[in-house]
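What follows is a single structure, written as structure tokens, with notes after it.
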Amino acid sequence: MERFVDIINKKRLGKQLSDSEIDLMIAEYVNGNIPDYQMSAMLMAICFQGLTEGELTRLTLAMRDSGETLDLSSINGIKVDKHSTGGVGDKTTLIIGPIVAACGVPVAKMSGRGLGFTGGTIDKLESIPGLKTSLDNGIFFKNVNELGLCVVGQTADLAPADKLLYALRDVTATVQCIELIASSIMSKKLAAGADKILLDVTTGSGAFMTDPTDARLLAEKMVRIGNNAGKQTIAQITSMDEPLGFAIGNNLEVKEAIRALRGENISDLMEVCYTLASHMISLGKEIPYEEARKLAEEAISSGRAFDVFVKMVEAQGGDTNYILNPELFETAAVSHEFRAENSGYLTFTNTAGIGVAAGLLGAGRSKKDDPIDMSAGIVLTKKNKDFCQKGDLIATLYGKTSDQCQSGAKKFGECIALSPKPLSDNKIALIGDVII
Ligand code: URA
């Protein structure tokens, strides 16, 4: 076997790695035969020298093949998956899944948990009493075939190379490398087995990619990986310059999603949901986007998307009384009204910080196994560019203790500005480019 030190050196010098070198690197790292210090050096060499499209595709496929790959062939129809690079208040899966399923496109979705400033769909769903997100594959497939939709947690054996590499990247300052992000996300998406993939690449102060140029580059690389792997893949850039919708925090977001599914037009949230859902329907039914958009809107106005959500909750063991009567959800012990200290136009200057504030209130975790408080979080009353009079309510913060509310409020206050004119530093429109 070629010595791994020679492969590291090759990349350090900016040369192209062969398919077999990439395969060997991933297989031997997962087997424990390449130590972390050598892999750290390789990751840093990749950060500086980059990867060609061919190398990047091969790396992603090797990572995909490091564990279980799901075979969704027993589910009828074209399966379309969606991935979002995350944000604050992003409850889109809870709304899009039912819309797309109600339009006849099956959604077999594996989602993640929240970490850091972003929330996770699985935590949000688990705020519904009784609902299980850990189902065996047989039940997962059966639910999708019968209802069109099932959302489960990612299994431990999906792309294990990514888990190991991500932990290493976290402590070697190599998380932000666009090639490494692209291979990380796409290895999991490809292992999850859908026929086609829609990527929602968020950008702005509440996104992983704060810079729109980087977001576009990431989107382009992921789209090429997906298509090279034989799965039609498209990406939609969306803005995370402010929290999406009004609610941030687990059961608060489920309650907002229920209102949206019942037809309330929460404007920024629904524009993103309709756009993403329409892309998925267009991919799944092979029809033009405009036609898909009409179907998506009709799925909400007819109540069919809401019905699918209720059925999905029931099939996953959740108590549907909470969906039909959202006032049953547990409410936080303490609340705090955040009011404008002076008059001015509101701007969320640091949206990720709003996610951190929700975390301080108990809604998120800073370590993987931290417990979370399902009723904690923030409900906004005002959004970007809204005018606030001194004393106006900007948001209500919910937590278990007044100390939590105080520290959440302090952080919240650091992440907004009130100015005489609206600050126009929003870098992209709510809906940006589509990358095909
Ligand atoms: N999300 C992922 O899954 N991987 C990354 O590297 C970054 C964000």
Side-chain angles (χ1 to χ4, degrees), residues 26 29-30 39-40 42-44 46-47 50-51 55-57 59-64 66-70 81-88 90 92-93 109-123 152-194 197-212 214-226 229 231 233 235-238 240 351-352 355 364-368:
I26 294 301
Y29 183 57
V30 172
M39 190 50 107
S40 303
M42 175 58 97
L43 292 174
M44 195 54 89
I46 290 174
C47 286
L51 294 171
E55 286 177 304
L56 185 55
T57 303
L59 173 65
T60 310
L61 297 181
M63 289 165 68
R64 173 197 70 184
S66 65
E68 177 196 16
T69 50
L70 239 67
D81 201 357
K82 171 194 87 96
H83 177 83
S84 165
T85 54
V88 179
D90 185 348
T92 55
T93 296
K109 182 95 184 79
M110 281 199 171
S111 287
R113 292 190 184 277
L115 190 63
F117 69 86
T118 60
T121 301
I122 291 302
D123 297 324
V152 295
Q154 209 169 282
T155 57
D157 199 34
L158 202 83
D162 176 59
K163 278 190 197 70
L164 295 171
L165 287 173
Y166 196 91
L168 197 58
R169 285 166 59 205
D170 213 17
V171 291
T172 54
T174 52
V175 165
Q176 285 300 334
C177 167
I178 288 186
E179 280 94 348
L180 296 178
I181 297 172
S183 54
S184 165
I185 293 174
M186 290 306 290
S187 63
K188 289 173 287 198
K189 284 293 108 183
L190 293 172
I197 300 166
L198 168 69
L199 301 163
D200 170 18
V201 181
T202 50
T203 183
S205 71
F208 202 70
M209 293 282 111
T210 50
D211 182 68
D214 287 344
R216 199 190 160 90
L217 201 61
L218 174 64
E220 285 169 356
K221 286 191 189 294
M222 293 197 292
V223 165
R224 284 204 211 103
I225 294 170
K231 309 275 181 184
T233 303
Q236 172 75 67
I237 310 272
T238 63
M240 249 317 148
T351 301
R365 27 172 107 73
S366 48
K367 292 194 304 305
K368 203 161 72 69

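Order of listing sets the numbers, starting from 1, for every ligand and every atom in it.
The shortest N or O to N or O distance between D162 and ligand 1 is not under 3.5 Å. Between Y166 and ligand 1, a contact under 3.5 Å exists for no N or O pair.
Listed for the T203 side chain is a donor-acceptor partner under 3.5 Å among the backbone atoms of T210. Distance alone, capped at 3.5 Å, places no donor-acceptor pair between the T118 side chain and the G87 backbone.
A donor atom on one side chain and an acceptor atom on the other are not found under 3.5 Å apart for S187 and T60. Side chain to side chain, Q154 and S111 fail the donor-acceptor criterion of an N or O pair below 3.5 Å. If you check the side chains of T93 and K82, you find a donor sitting under 3.5 Å from an acceptor.
For atom 4 (N) of ligand 1, the closest non-hydrogen atom on the protein side is S184 OG, 2.6 Å. Among all non-hydrogen protein atoms, the one lying nearest atom 3 (O) of ligand 1 is K188 NZ, 2.5 Å. Distance from atom 1 (N) of ligand 1 to its nearest protein heavy atom, with residue and atom name: I185 CG1, 3.8 Å.
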